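Just so we're clear, the structure is a prediction, and the values are computed from it rather than from any experiment. By convention here, the first residue in the shown sequence is residue 1. Computed over heavy atoms, backbone and side chain alike; hydrogens, waters and symmetry mates excluded.
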Amino acid sequence: MVTLLLDQTQLEIVLSPIERAASFHRDNVRIARDTITKVQLTDDAWTWLRGVPGPGTHIPGVFAAGSWKAAGTVDFVLIRRRRPSVVIDLDGDDDYRRLILTTRHGLALTQALRLDVSTEPADVEEIVATAPTLVSKGSKRPVIRPRPA
């Protein structure tokens, strides 16, 4: 599982040595925070793949790491089996248009992106755990109307 670090300016995807070798990346993947346009949670990341694998490793249904190239776009992919994943759409990034990552911290990432964070990178799980809890006021009961006869 990848580690996601977030600060005021960027999201950093920390890759283990094995993930670096499999994805053919020497460094961690860094994305400017203002290029993130949408974050979606999914149970099956394989359905989000588009194009063909570029430099990287691909074992269908088991493991995919590296770049995936489609018509005019490049996605960074790090998928393991059929586990919960996150799909991050980007606009204006120099390298990628989309990130597809298997992580159990997808919900924490979406919550952390909504919060103001410090200038020091922190794990998204820690950001959400230390953030003040939002309390919503009671929801109104739905109005039940009879069906027309």
Side-chain angles (χ1 to χ4, degrees), residues 1-140:
M1 294 285 172
V2 295
T3 301
L4 303 172
L5 300 178
L6 183 68
D7 66 14
Q8 289 178 343
T9 60
Q10 72 180 3
L11 170 67
E12 182 175 358
I13 301 158
V14 180
L15 302 174
S16 70
I18 293 172
E19 292 167 340
R20 287 177 196 221
S23 65
F24 290 80
H25 274 327
R26 293 181 185 200
D27 295 322
N28 295 334
V29 178
R30 291 177 181 86
I31 302 297
R33 190 172 174 175
D34 58 351
T35 63
I36 297 173
T37 57
K38 185 170 34 171
V39 179
Q40 301 174 69
L41 303 177
T42 182
D43 288 332
D44 187 6
W46 295 98
T47 61
W48 289 89
L49 291 178
R50 58 186 177 186
V52 295
T57 304
H58 178 228
I59 303 169
V62 178
F63 184 73
S67 299
W68 282 67
K69 298 177 182 179
T73 66
V74 178
D75 299 341
F76 179 77
V77 173
L78 191 53
I79 303 173
R80 291 191 177 106
R81 302 214 181 259
R82 300 207 186 281
R83 296 185 178 156
S85 302
V86 63
V87 179
I88 304 169
D89 289 330
L90 308 172
D91 187 23
D93 187 70
D94 295 335
D95 299 323
Y96 303 110
R97 296 285 293 157
R98 186 189 290 173
L99 307 174
I100 306 170
L101 309 168
T102 297
T103 178
R104 68 178 87 120
H105 306 301
L107 183 58
L109 174 64
T110 59
Q111 293 170 343
L113 285 170
R114 295 180 185 160
L115 301 171
D116 290 329
V117 295
S118 69
T119 56
E120 293 297 317
D123 192 323
V124 293
E125 282 288 305
E126 294 173 14
I127 293 171
V128 173
T130 59
T133 305
L134 298 175
V135 178
S136 62
K137 296 186 179 181
S139 62
K140 295 181 180 180

> With sequence neighbours left out, what residues match E12 under side-chain contact (heavy atoms from CB on, under 4.5 Å)?
Replying inline: L5, Q10, V14, N28, R30

> Tell me, which pairs form a salt bridge (Lys or Arg N to Asp or Glu O under 4.0 Å) where one or both residues lie in residues 51-65, sequence neighbours left out?
Replying inline: none

> Hey, what do you get for OG1 (T57) to CD1 (I18), rounding to the nearest 0.5 Å?
Replying inline: 11.5 Å

>> Any donor-acceptor pair under 3.5 Å linking the side-chain atoms of T102 with those of S85?
In response: yes

>> Would you say that I36 contacts L90 through its side chain, given a criterion of any heavy-atom pair below 4.5 Å between the two side chains?
In response: yes

>> By the ring pair (Phe, Tyr, Trp, His ring centres under 6.0 Å) test, which pairs, at least two apart or in different chains, include something from residues 38-58?
In response: H58-W68

> R33 versus D7: any side-chain heavy-atom pair under 4.5 Å?
Replying inline: no

>> So V86 and T42, do their side chains get closer than 4.5 Å, heavy atoms only?
In response: no

> Restricting to pairs with a member in residues 12-36, which pass ring pair (Phe, Tyr, Trp, His ring centres under 6.0 Å), not counting sequence neighbours?
Replying inline: H25-F76

>> Can you confirm whether D34 sits close enough to T9 that some side-chain heavy atom of one is under 4.5 Å from a side-chain heavy atom of the other?
In response: no

> Sequence neighbours excluded, which residues qualify as side-chain contact (heavy atoms from CB on, under 4.5 Å) partners of L107?
Replying inline: L41, T110, Q111

>> Test: salt bridge (Lys or Arg N to Asp or Glu O under 4.0 Å). Region: residues 45-74. Which pairs qualify, not counting sequence neighbours?
In response: R50-D75

>> As a quick check of understanding, evaluate side chain to side chain contact (heavy atoms under 4.5 Å, CB included) for L101 and L4, giving each step before the final call.
In response: CA-CA 10 Å; L101 309 168; L4 303 172; 4.0 Å; yes

> Taking all non-hydrogen atoms of both residues, which atom of T35 and which atom of G92 are closest, and how far apart?
Replying inline: CG2-C, 4.0 Å

> Do NZ/NE/NH1/NH2 and the carboxylate oxygens of D91 and R97 come within less than 4.0 Å?
Replying inline: yes

>> For I79 versus A45, what's the shortest heavy-atom pair and its separation?
In response: CD1-CB, 3.8 Å

>> I'd like to check V39 versus V87 (side-chain heavy atoms, cut-off strictly below 4.5 Å). Are they in contact?
In response: no

> Roughly how far apart are L78 CG and T103 OG1, rounded to 0.5 Å?
Replying inline: 9.5 Å

>> Return the CD1 to CD1 distance between I31 and I88, rounded to the nearest 0.5 Å.
In response: 8.0 Å

> Roughly how far apart are R98 CZ and D89 CG, rounded to 0.5 Å?
Replying inline: 5.5 Å

>> Ignoring hydrogens, what is the shortest heavy-atom contact between R80 and E19? Give both atom names and the distance.
In response: NH2-OE2, 2.7 Å

> What's the shortest heavy-atom distance between D27 and L15, and which atoms?
Replying inline: O-CD1, 3.9 Å

> Between atom CZ of R26 and atom CZ of R20, what is the distance when rounded to the nearest 0.5 Å?
Replying inline: 11.5 Å

> Is S23 reaching over with its side chain to a backbone N or O of G66, donor-acceptor style, under 3.5 angstrom?
Replying inline: no

